[in-house]
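What follows is one structure encoded as structure tokens, with my remarks underneath.
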Amino acid sequence: MPELPEVETVARALRPLLTGREFASARALWSRTIAAPDPESFSFRLAGQRIVDIGRRGKYILFTLASGDTLIVHLRMTGKLMVVPPGSPELDAPHVRAILYLTDGDALIFDDARKFGRIWLVSDAQSVVGKLGPEPLAWDFTPEVLASRLRHRRTSLKALLLDQTVVAGVGNIYADEALHLAGIHPLRTGADLTDEEIARLHGAIQEVLTASIGERGTMLRDYRPPYGLQGAYQHHLRVYQQTDRPCLRCGAPIRRIVVTQRSTHYCPQCQPEHPSESDPSKEENT
């Protein structure tokens, strides 16, 4: 599933293409793609709405409209957004689930092979994204804020980082990468961390997310950056999907376990389950 860097890449690609343009109508080819309101009301309400900005909250793409409404898209696993001209063959692609027509004839299409993606048109964006945790790259996301989300939690850190009410936008890839960079085992609990470890994890989360955004995200099976852009962060992954390969820090083989039904990758040497077993702060060799 696309995570924060991939969703940010999509929002940044769409912003210069769509800001200032106006919707004419919409057509749902698979009605459940439109989460709210119903598809007919959605098309009627969208008509005449002008886009003033495109941003992101967690893994959601937010289109701010001049009326005060917000068009919200969650790509889920295989969703893709693309602006196409009239007559484009993309309009007839087999997995197009919704077409949002623009007044100049172009269209914003939502293609979604697995049908998990959703689109909302709401007057209050908080009705959809209000339960999300803090944005990990926001100026007010401090180590103290992260500590307040983790302390007293007896759940594994991997599960906590996947919980979007704890921190918004972090998923399987970047949870593994941040925990490795911080030298913290994924099965340790939030309540178990020291202030120094929380600060280290905070910095690691911000570092891996920022680095991935700079590379336009991680290209995997179900995600490719739009418009032929090339994502490259997959070339910098330290542990995610690196099972049995040597750790870039210490050379030990990367291990894979399953946490909350998700593949989880870590270095047993750099990320000991019992911190006294190793010194996770030692310098990298590469």
Q | Side-chain H-bond candidate by donor/acceptor type, Thr264 with Lys158, under 3.5 Å | A | yes
Q) Within the distance-only criterion (no hydrogens, no angle test), does the side chain of Gln269 pair as donor or acceptor with the backbone N or O of Cys250 below 3.5 angstrom? A) no
Q. Do Pro39 and Arg27 come within less than 4.5 Å of each other through their side chains, counting heavy atoms only?
A. no
Q.
Is any side-chain heavy atom of Pro134 closer than 4.5 Å to one of Asp140?
A. no
Q. At what distance, to the nearest 0.5 angstrom, does OG of Ser31 lie from CZ of Phe42?
A. 13.0 Å
Q. Sub-3.5 Å donor-acceptor pair from the side chain of Gln271 to the main-chain atoms of Ile184, do we have one?
A. yes
Q. Mind checking whether His74 and Tyr60 have parallel, tilted or perpendicular rings, split at 30° and 60°?
A. perpendicular
Q) When you measure from the side chain of Thr260 to the backbone N and O of Ala159, does any donor-acceptor pair fall under 3.5 Å? A) no
Q) Can you check whether Asp104 reaches Glu22 side chain to side chain, under 4.5 Å on heavy atoms? A) no
Q.
Can you confirm whether Gln164 sits close enough to Lys59 that some side-chain heavy atom of one is under 4.5 Å from a side-chain heavy atom of the other?
A. yes
Q | Arg245 (side chain) donor-acceptor with Arg238 (main chain) under 3.5 angstrom | A | no
Q.
Would the distance check show the side chain of Gln49 and the main-chain N or O of Arg45 forming a donor-acceptor pair, the cut-off being under 3.5 Å?
A. yes
Q) Do the side chains of Leu157 and Leu179 get nearer than 4.5 Å, heavy atoms only? A) yes
Q.
Quick check for you: to the nearest 0.5 Å, what is the distance between Arg255 atom CZ and Cys247 atom SG?
A. 12.0 Å
**Q.** Approximate separation, where rounding is to 0.5 Å, of Leu65 CG and Leu46 CG
**A.** 7.0 Å
Q.
What's the separation between atom CD1 in Ile61 and atom CG in Leu75, rounded to the nearest 0.5 Å?
A. 4.5 Å
Q. Hey, are Asp38 and Ser41 close enough side-chain-wise for a donor-acceptor pair under 3.5 Å?
A. yes
Q) So, does Glu6 use its side chain to make a donor-acceptor pair with the main chain of Thr218 at under 3.5 Å? A) yes
(Q) Could you tell me if the side chain of Ile205 sits less than 4.5 Å from the side chain of Leu181, heavy atoms only? (A) no
Q: Measure the shortest side-chain to side-chain distance between Leu100 and Ile109 over non-hydrogen atoms and say whether it is less than 4.5 angstrom.
A: no
**Q.** Residues that Ser263 engages under side chain to side chain donor-acceptor pair (under 3.5 Å), provided they are two or more places apart
**A.** Arg256
Q: Please tell me if the side chains of Leu187 and Val259 come closer than 4.5 Å, counting only heavy atoms from C-beta onward.
A: yes
Q | Side-chain ion pair, Glu135 and Arg57, N-O less than 4.0 Å | A | yes
Q | Ring centre gap for His180 and Tyr266 strictly below 6.0 Å | A | no
Q) According to the ring pair (Phe, Tyr, Trp, His ring centres under 6.0 Å) rule, which pairs have a member within residues 80-112, sequence neighbours left out? A) none
Q. Between Asp69 and Ser123, does any side-chain donor sit less than 3.5 Å from a side-chain acceptor?
A. no
Q: Nearest 0.5 Å please: distance from the CZ atom of Arg153 over to the CG atom of Asp192.
A: 14.5 Å
(Q) For a ring pair (Phe, Tyr, Trp, His ring centres under 6.0 Å) check, start with the C-alpha distance between Phe141 and His202, then their side-chain angles and the critical distance, and finish with the verdict. (A) CA-CA 9 Å; Phe141 180 69; His202 171 272; 5.0 Å; yes
**Q.** Closest contact, heavy atoms only, Asp111 versus Val96
**A.** OD2-N, 3.6 Å
Q | Parallel, tilted or perpendicular: rings of His265 and Tyr240 (30°, 60°) | A | perpendicular
Q) Should the heavy atoms of other residues, nucleotides or ligands under 6.0 Å from CD of Gln126 be counted, would the total exceed 12? A) yes
(Q) Assigning hydrophobic clusters by single linkage (Ile, Leu, Val, Met, Phe, Trp, Tyr; side-chain heavy-atom cutoff under 4.5 Å), is Ile54 placed with Leu108? (A) yes
Q) Without hydrogens or angle criteria, can the side chains of Glu144 and Thr142 be said to hold a donor-acceptor pair below 3.5 Å? A) yes
Q.
I'd like to know whether CZ of Arg15 has more than 12 heavy-atom contacts from other residues, nucleotides or ligands below 6.0 angstrom.
A. yes
Q. How close do Leu161 and Ala175 get, heavy atom to heavy atom, and via which atoms?
A. CB-CB, 3.9 Å
Q. Between Leu209 and Pro136, which heavy-atom pair has the shortest distance, and what is it?
A. CD1-CG, 3.5 Å
Q: Mind checking the CZ-CG spacing from Arg12 to Leu14? Nearest 0.5 Å is all I need.
A: 13.0 Å
Q | Contact summary for Leu162 and Gly171, nearest pair of heavy atoms | A | CD2-C, 3.3 Å
Q. Is the backbone of Leu17 close enough, under 3.5 Å, to the side chain of Arg21 for a donor and an acceptor to pair up by distance?
A. yes
Q) With distance as the sole test, does Glu177 use its side chain to make a donor-acceptor pair with the main-chain N or O of Leu237 at under 3.5 Å? A) no
